[in-house]
Amino acid sequence: MRQSGRDNGSTVGPHPPPEGAPALSVDNLRAYYLTHYFGVEREVRAVDDISLVVRRNEIYGLAGESSCGKTTFLKTVAAAVRPPLSVIGGSVQYAFLDRDLYALNPAKLSAIRWRRLSYITQGSMNVLNPVRRVRESFIDFAYRHMGLKRRPFFAAVNEHLQRLHLAASVLDAYPHELSGGMKQRVTIALATICRPEFIIADEPTTALDVIVQKDVLAMIREAQQQIGSSMLFVTHDMTVHANIADRLGIMYAGRLVEEAPTADIFANPKHPYTAHLVASLPRIGEQSRKESLSGAPPNLANPPSGCRFHPRCPLAMEVCREASPALTTLAPGRRVACYAASPLVKPSPTAERVAGATHRAERVGLVQ
Amino acid sequence: MSGNLLEVERLTKRFAIGGLFGRGRFNAVDDVSFKVDAGQPQILAIIGESGSGKTTLARMILNTLAPTSGAIRFRGQDLLGVRGRKRRLDFMREVQPILQNPYEAFNPLKRVDRYLYASATRLAGAKSQKARDEAVNDALQKVGLSLTEVKGRFPHELSGGQLQRTAIARALISSPALIVADEPVSMVDASLRMSIVNLFGRLRDELRVSILYITHDLATAYYVSDRVIIIQKGKVVETGPAREVLIHPQHPYSVLLKESVLSPDDVGQGAWEGERPRPPSQTA
Amino acid sequence: MLRILKDLFRYNREFSLGAILILLVVAISLASFLSPYPSGMQYVVPFDAPPSWDHPFGTNSRGQDVFWQLTFAIRNSLLFGTAVALLSRLIAIVVGLTSGYVGGMVDSVLMSINDTFVVFPPFPILVLVYFIFKDHMSWALLAVAMACLGWAYDARLIRSMALSLRTREFTTQSLFSGMSTGQILAEEHLPYVLPIVFATTMNNINWSIGLEVTLSVIGFTNIDTPTIGTMIYWANQHTALVAGVWWWIAFPVGLVIITFVGLYLLSVSMNEYIDPRSRLSGMGGAA
Ligand SMILES: Nc1ncnc2c1ncn2[C@@H]1O[C@H](COP(=O)(O)OP(=O)(O)OP(=O)(O)O)[C@@H](O)[C@H]1O
Ligand SMILES: Nc1ncnc2c1ncn2[C@@H]1O[C@H](COP(=O)(O)OP(=O)(O)OP(=O)(O)O)[C@@H](O)[C@H]1O
Ligand code: SF4
Ligand SMILES: [Mg+2]
Ligand SMILES: [Mg+2]
């Protein structure tokens, strides 16, 4: 397994290191939405040059503004790419695969889904087939992979549902008879019952109340520790990240702008966007007014020049307008892309090249 | 004007569950009563576990689901009497929903402005195109958007926050007196969440709109609402002023709820282990 | 839509094969407009001539050129099938969407009507219709009768989709924007059921052509309109097989089989494309 050079340092840190070899390494990944409506071509750069490593037995949290490209990033690492989304460049390598994800043929790809790689999509409560009972969905998707007889299979399903605070009777319900949170738990159950090695989850707990959420997170954590699987976890809820993620990556406008062990992000955010994110968390018992970020979210079809955060950044300087800061390793395990954070941060050579040219010729979109 | 804007009295909704055999029945909403005063706009937070009947309650208040028993009165009139197209439109002018999932709230195959214009025409009575544009633009301005940003766009061309604010703007077009918001912030980022919640506060203070704010997020409920209702398995277990109930919950379920709130201060390099008791110093 | 068709054509073998077969059949039926002989005319060519350069599919015992006769027959059969399918789709859409969306009493009433139609055996009913109307039996009448028998199953399918569309949030949004029920059904929900309707249309055309052939072969339709079925009927009347005029039977049968296979492939490939289950499999990656 190839390992990206700049991450070598992150295993030695002041905190218990997230141990083990990389389970997923992503290098310079770029994925754009290429659309043409009425003759106008548009290129939405939703994932623009992202590199990161998720280690074995680690939960990697990803946070960022709405529509900054989190879901798009997950789609590309889960090989769930469909037009108009197109992978423009970069590589995605899983430890359990002998080659790049995008070098796999469709048959191989479907063989790893569910069993080794499982993807809980955003708004996944709407993926359940509306005309089939939940029981049938379990048979359709998990039965084959579990290799169990009917009885033990449903015994296992029941046990699994119980851990998610669901009664066995949900199996007999149609999706529209369940509440939002119940549907969400059913899809979590579907995605985790086969115990995949790598779980990709996009906002899996948004519809859950705090009590159930806590148990669901505990279940995920426990399963992850038992089988040493890894997880890439997206949520807007910073408190969830605080409690479950080993490391956190913060995205802004299609780029990774900061990455650090979770505690460091909360205690000492380096990027101004991260700092805002952490400061805006409301707490019970606190009455001070919390302000939202001023200014409009960037347009990814035509992102701001230089640092993409500069139109909204309180610390913006001259250089920020011109050159995009590179994601730089400041301390072991700590990367940030902001000139104000450290003098070590230099303009990014790759990002400039990327912004300058359109690489239509390299399109490697997976069309099926 | 005095009296009650909304009066919910001994409301119950029973659903059948299970397969063909052994079809059971249970009360998704069980004997719920509360009132919203017409004279004083307020934000009333409804909190409860997943599956406790919050959405069912909201649907009954919006008159899209008929109660099994009990009554809902809006400005003194029973919702059972809201029949026929004209009365329904009159009702919708006053009571508007905001839905949970901004990505689902607009038909993905249709342009977003379609709903804004429909509201302006059907509910706000705008006749000319100019009046319609004006009504829509006014509402969008209230949420910090403008018509040019939204016009002609499909839902997937807008971000989650823009969509949610557009949905709120649409609800505001007919100047309603009551907004029923079912988990309006659970799908948006922390910053947007605050901007929407702050917007609710402004709607209450400046436009005098009352809001039923259904949520799982106790922190924002504490931050913005005046009163809370906590429900468990369809029953109201505790109700009172928001600050008081959330700081000093009385009912065991409310206590558990509050204790389960994850705090950002618990951060321990992801070392949280679910049920294992934490050292007291770490609990908020 | 065009884009989807293009993608399907490029990446889906079944779809491209089906499309080619159906285009072939449609081309043959369009050729009828170039026919040198009017369709009803008899004794315009020599009898019972085997296939040759002048008459590629031979001629029959009624003095007709089999190829040109076939172009009329397949045109009428296709038109017939399409008419039945469109009409029954219309009923299915209206009943299904209304039933699912409005719910309550309307739903129960519509669905119990629906269920009666599901259990009706179509064949004896159509024979009965023939005996009632006998000489007045026409192409259009048969199409209406068959449309009435062919909508029930799909109405149920559409209803189940409408049931879930009703619970989607945008439906509430439309409702509270003041849109009328008709508008919600026609503008918000219809686009979602159209793909399914499209696929079942293929099946329904197949079903109605097949049923028409069966009815015609045994003479329970208006035998003066040339269709694939009536062609075979006349061939049987003249004991074509015994007389060794095999081409009179073989070509219509061959063509109708091509039609069946083509439509079947189209519907299968489209089903694959729209199956809601494939959305769930998207959870494990791409669909
Ligand atoms: N099918 C599409 N065609 C064109 N643009 C798209 C498409 N899907 C998403 N986008 C755009 O890509 C950008 C990133 O979207 P994405 O869904 O990845 O955001 P996100 O970070 O997951 O946001 P959220 O937290 O709100 O879910 C957005 O600007 C969005 O408008
Ligand atoms: N149409 C229906 N038929 C049968 N049962 C239903 C139906 N709709 C809802 N229920 C049941 O009613 C209960 C309450 O559901 P509801 O959607 O009101 O919960 P909720 O409080 O909104 O939960 P969540 O926070 O997860 O959204 C659930 O147990 C659900 O299964
Ligand atoms: S690089 Fe400049 S603009 Fe960007 S976040 Fe840092 S200070 Fe702000
Ligand atoms: Mg997303
Ligand atoms: Mg709900």
Side-chain angles (χ1 to χ4, degrees), chain A residues 15-16 59 63-67 122-123 126 133 169 172-173 177-182 185 203 206-215 217-219 221-222 236-240 242-247 261-263 266-267 276-278 280-285 287 289-293 297, chain B residues 15 17-19 24 28 47-56 100-101 103-104 149 158-162 183 186-198 216-220 222-223 243 246-247 256-258 260-275 284:
Chain A
H15 301 285
I59 297 186
E65 202 176 23
S66 277
S67 77
Q122 188 170 22
N126 301 318
R133 291 183 196 276
S169 65
D172 291 314
E177 295 176 334
L178 300 177
S179 81
M182 292 160 108
R185 277 174 281 162
E203 307 269 7
T206 41
L208 304 180
D209 70 81
V210 286
I211 299 175
V212 173
Q213 168 174 291
K214 202 167 159 183
D215 288 345
L217 293 178
M219 188 281 293
R221 191 78 173 146
E222 192 186 296
H236 285 307
D237 196 336
M238 293 302 284
T239 55
V240 170
N243 285 282
I244 190 167
D246 296 304
R247 281 193 301 153
T262 312
F266 280 90
H276 164 80
L277 210 57
V278 170
S280 70
L281 293 175
R283 292 170 166 80
I284 294 180
Q287 296 194 13
R289 191 173 160 83
K290 304 279 181 182
E291 285 309 330
S292 56
L293 206 58
Chain B
F15 282 122
I17 46 159
I47 299 173
E49 68 185 328
S50 172
S52 62
K54 301 178 299 297
T55 300
T56 309
Q100 175 179 4
N101 186 344
Y103 300 94
E104 267 277 299
E149 281 174 84
L158 295 170
S159 77
Q162 283 173 318
E183 303 190 35
S186 63
M187 303 284 279
V188 300
D189 67 70
S191 172
L192 257 174
R193 182 175 291 208
M194 290 325 291
S195 82
I196 287 171
V197 168
N198 284 338
H216 289 307
D217 184 359
L218 272 67
T220 55
Y222 175 86
Y223 176 74
R243 304 255 141 97
L246 290 176
I247 299 263
L256 178 65
L257 203 59
K258 188 185 168 198
S260 304
V261 173
L262 298 174
S263 161
D265 308 325
D266 291 349
V267 55
Q269 306 117 45
W272 177 62
E273 310 257 327
E275 293 308 276

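Computed over heavy atoms, backbone and side chain alike; hydrogens, waters and symmetry mates excluded. Proteins get letters first, then strands, A, B, ... in listed order; numbering begins at 1 in each.
- Heavy atoms closer than 4.5 Å to chain B are found in the side chain of A:Ser179, but not in its backbone.
- Both the backbone and the side chain of A:Val240 come within contact range of chain B, with heavy atoms under 4.5 Å apart.
- The choice from B:Thr55, B:Asn198, B:Ile247 that makes the most heavy-atom pairs within less than 4.5 Å of chain A is B:Asn198.
- At a 4.5 Å heavy-atom cutoff, the contact between B:Lys258 and chain A is made by side-chain atoms alone.
- Interface remark: A:Ile211 contributes backbone and side-chain atoms alike to the contact with chain B (heavy atom separation under 4.5 Å).
- Formation of a donor-acceptor pair under 3.5 Å by the A:Asp209 side chain with backbone atoms of B:Ser50 is found in this model.
- If you take OG1 on A:Thr206 and CD on B:Glu183, they are separated by 8.0 Å, rounding to the nearest 0.5 Å.
- Of the two parts of B:Ser195, the backbone and the side chain both hold a non-hydrogen atom closer than 4.5 Å to a non-hydrogen atom of chain A.
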